[in-house]
There are 2 protein chains.
Amino acid sequence: MQTDTKTALLDSAEAAVRARGFDGFSYADLSADVGIRKASIHHHFPTKAALAHALMMRYCEVLAEACTDINAAHATGGARLSAIIALYREASASGQQLCLCLSFATSPDRLPDGVKTLIVGFRQSVLDWLGSVFALGRSDGSIIGVIDDQAEAAAAMAVLEGAQLACRVEEDITRFDIAIRQLSARARPAQG
Amino acid sequence: MQTDTKTALLDSAEAAVRARGFDGFSYADLSADVGIRKASIHHHFPTKAALAHALMMRYCEVLAEACTDINAAHATGGARLSAIIALYREASASGQQLCLCLSFATSPDRLPDGVKTLIVGFRQSVLDWLGSVFALGRSDGSIIGVIDDQAEAAAAMAVLEGAQLACRVEEDITRFDIAIRQLSARARPAQG
DNA sequence: CAGCGCCTACCTACCAATAGGTCTACGTTA
DNA sequence: TAACGTAGACCTATTGGTAGGTAGGCGCTG
């Protein structure tokens, strides 16, 4: 039973973008990785733009699901914050790659038209969700010192992405941990 | 009096990398921008790798100078922190570009050999300098709530880079301001 | 100070490799 | 038998880079 080819292509492309950027891989690379001829890729994704779009669409869905899962699994704001930190930490793959959105966001001018809109939407989703997490953490006391939910959310997202960058060059996950330490510390451990 | 060609090439290349990434520009682009034939660029920079290297070298020098200048102009940790925030804010050019180091750091695998080392060095310089700023801010009371200088430095750098990313896609500098708000607020205004 | 050699800065004209993409054809399978 | 997934052969534009040459300036020497 082989994996669905379309999914395999998306997986390979996503890994490539997250490791080397949108301009850092080609259909030839994809072809070699997935084991399908270059021309055949065009059957699934007519253009590289279409591929990027599909990539981002899928990423948006995965994010939405992840947030829902975290909400279901954790009741307090602090626990949810810890969970999203763990997610970003895992997503960095020990500093070998970045969040897809981050990778795309660095050079929006090079991106196909529709993708930019998706990125904006993605970022706003993360921001909104983080805002709700801080609001909850403020009201249930599980995150220390919250005043402005929106500013907290924006700062948290910046730190999460910045921490991924910090560990990228040296492929050293401890760089992530140090950068995120202060944010982590503000999430109270298990509900007292 | 025309600008030195070599400098003009470096300027153009730096802007290109910061706006579109290392894979996002070509010698042809450079040629059109500077007004010199493509082949002539090779006279100044034999390979694209050499260009990247020169770019990063210059950036390291500029950073060192900037830190020295800030130290000279501002006596307190809080004032120095505010100054570096302003520097990163300005460097984003209202969300049209990123810090060169950030742009390079996103896809280290695509970079020529020596450059990676320079980036690591650059980042460590920023980290060290920020560490000294927080240490000063802690001892002179000009930055609120500092405990761990190193963690503060790592977090601050992450936020600074993350804030640049935040405003990049929408080219909206207010995204930077919101993300950085909390860090800014910790730097006490003029010495009381 | 004329002439020589050399260097810098630039040029035109190429190159092989790779980029993303097209067209047509062939075997499977529903 | 029609649609799907794949492949071969090919295309055009662009990539970073090279070969070879030219014009002008500088310093040395006879």
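Side chains included, hydrogens not; waters and symmetry mates left out as well; all remaining heavy atoms used.
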* To do: Using whole Å, report how far CG of B:Leu9 lies from C1' of D:dG16.
  => 15 Å
* Taking the six-membered ring for Trp and the single ring otherwise, decide whether the centroids of B:Tyr27 and B:His42 are under 6.0 Å apart. => yes
* Asked: Under 3.5 Å, is there a donor-acceptor pair between the side chain of B:Gln164 and the main chain of B:Tyr88?
  -> yes
* Using a 4.0 Å heavy-atom cut-off across all strands, classify B:Ser40 as base, sugar-phosphate, or nothing. => base
* Asked: Between C:dT18 atom P and B:Asp23 atom CG, what is the distance in whole Å?
  -> 15 Å
* Would you say A:Thr47 reaches C:dG20's phosphate, i.e. side-chain N/O to OP1/OP2 under 4.0 Å? -> no
* Per A:His44 side chain, nearest of listed nucleotides D:dG16, D:dG5, C:dC11 -> D:dG5
* Asked: Nearest-Å distance, NE2 (A:His43) to C1' (D:dT6)?
  -> 8 Å
* Asked: Looking at the side chain of B:His42, which of D:dT15, C:dA19, D:dT18 is the nearest nucleotide?
  -> D:dT18
* In whole Å, what is the span from the NZ atom of A:Lys38 to the P atom of C:dG21? -> 10 Å
* Asked: To the side chain of A:Ile36, which of D:dA7, D:dG17, C:dC11 is closest?
  -> D:dA7
* What distance do A:Thr106 atom OG1 and B:Glu161 atom CD have between them, rounded to the nearest 0.5 Å? -> 12.0 Å
* Which part of the nucleic acid does B:Phe45 contact within heavy-atom distance under 4.0 Å: base, sugar-phosphate only, or nothing? -> nothing
* Taking atom P of D:dC10 as reference, at what distance in whole Å does atom CZ of A:Arg37 sit? -> 15 Å
* **Rounded interatomic separation in angstrom, taking CG from A:Leu30 and P from D:dT6** => 13 Å
* Apply the salt bridge (charged side-chain N to carboxylate O under 4.0 Å, His left out) test between B:Asp109 and each candidate in A:Arg20, A:Arg18, A:Arg168; give the one that qualifies. => A:Arg168
* Structure fact -> Rounding to 0.5 Å, atoms CD1 (B:Ile36) and NE2 (B:His44) come to a distance of 4.5 Å
* May I have the distance from A:Lys48 (atom NZ) to C:dA19 (atom P), rounded to whole angstrom? => 9 Å
* **Listed nucleotide nearest any side-chain atom of B:Ala39, set C:dT8, D:dA19, D:dT6** => D:dA19
* Asked: With respect to the side chain of B:Tyr27, which nucleotide from C:dC10, D:dG16, D:dA19 is positioned closest?
  -> D:dG16
* Within the structure, does a side-chain N or O atom of B:Thr5 lie under 4.0 Å from either OP1 or OP2 of C:dC10? -> yes
* Measure from the side chain of A:Ser26, starting at C-beta and using heavy atoms only, and say which of C:dA19, D:dG16, D:dA7 lies closest. => C:dA19
